[in-house]
Structure formats: structure tokens, C-alpha cells
Amino acid sequence: MSNPYVPLLVMIGIAAVLALGGVGASAILGPKRYNRAKLEAYECGIEPTPHAIGGGRFPIKYYLVAMTFIVFDIEVVFLYPWAVSFAELATFGLVAMLAFLLLITVPFVYEWKRGGLEWD
């Protein structure tokens, strides 16, 4: 009797070989034509501006928008399969999802207090 995970491991191995092989082949076989424009930072064709003194800090709004996306993305990723198999999970699934929603509320409340949901 074979292990049911063997096909999955074989598929992961093949995917890794193809991905690493493609990157390796392009590094070896691909043309290497370096010029001034290619080595500069890409900013939509605009000449790069000098960085601010002290490293150029990003405003907190940037991170709060990213955090909003992550919180809602994680919530959807876990709520959708739970809703599909709600009947099979019964009380255990309900308690587990309530615990998850309680935990996901913590970063949501933090973001709300920091002003991440106020669009200026």
C-alpha cells in the first residue's frame, strides 16, 4: 500500500525543478546587455529623485492599507472553505471560526484606532 502523499510530493518536486530550471537556464543562456538605463531604479521613466535624509520613511498610511488587505484577505481565505463545509464541521467548526474571528478582530481594531479606515 503506497502513501497517499507521494503524488503530491512528486508534483511539488516537478514544480520546483521546473521553476529553478527556468531561472537557471535564463541566467545562463539569456543575453547580458547591461547599460545605464537598465541599471537605474525603475520609476516609470521619470528620473529617480534623491532619497530623503534619514532613509526616506514611509507614512503609516502605507502600512495600514497593506494591513487592511491582509486582514480581509486572510479572513476570506478561511471563511469561504468554512462556509462550504459548515454542515460537516458542526459545533467544533462554529467554535473554531468564532475563535478565529475574535483573533482577526484584534488587528482590525488596531487599524481602526490608527485611522486606517479614514480615506482622506
Q. Linking I/L/V/M/F/W/Y whenever their side-chain heavy atoms sit closer than 4.5 Å, directly or via other members, would Tyr80 and Leu98 fall into one cluster?
A. no
Q | Heavy-atom pair of closest approach, residues Tyr110 and Met67 | A | CD2-CE, 3.5 Å
Q: Give a yes or no on whether Leu101 and Phe92 share a hydrophobic cluster (residues Ile, Leu, Val, Met, Phe, Trp, Tyr; joining criterion: side-chain heavy atoms under 4.5 Å apart).
A: no
Q) Shortest non-hydrogen contact from Pro81 to Val76? A) CD-O, 4.2 Å
Q) Do Met11 and Val6 sit in the same hydrophobic cluster, where Ile, Leu, Val, Met, Phe, Trp and Tyr count as joined when their side-chain heavy atoms come under 4.5 Å apart? A) no
Q.
Looking at Trp82 and Gly93, would you say the former's side chain and the latter's main chain have a donor-acceptor pair under 3.5 Å?
A. yes
Q.
A side-chain contact here means heavy atoms from C-beta on lying under 4.5 Å apart; do Tyr5 and Ile12 qualify?
A. no
Q.
Would you compute the distance between atom CZ of Phe78 and atom CD1 of Ile104 and round it to the nearest 0.5 angstrom?
A. 8.5 Å
Q. Quick one: CG on Asp73 to CD1 on Ile70, what's the gap to the nearest 0.5 Å?
A. 8.0 Å
Q. Closest heavy-atom contact between Met97 and Leu79?
A. SD-CD2, 3.3 Å
Q: To the nearest 0.5 Å, tell me how far Leu9 CG sits from Ile14 CD1.
A: 11.5 Å
Q) For Leu29, which fellow cluster members are found when Ile, Leu, Val, Met, Phe, Trp and Tyr are connected by side-chain heavy-atom distances below 4.5 angstrom, either directly or through intermediates? A) Ile28
(Q) Hydrophobic cluster membership, with links at side-chain heavy-atom distances under 4.5 Å among I/L/V/M/F/W/Y: are Leu102 and Phe100 in one? (A) no
Q. Should the ring pair Trp112 and Phe108 be called parallel, tilted or perpendicular, given that the plane angle runs from 0 to 90° and is split at 30 and 60?
A. tilted
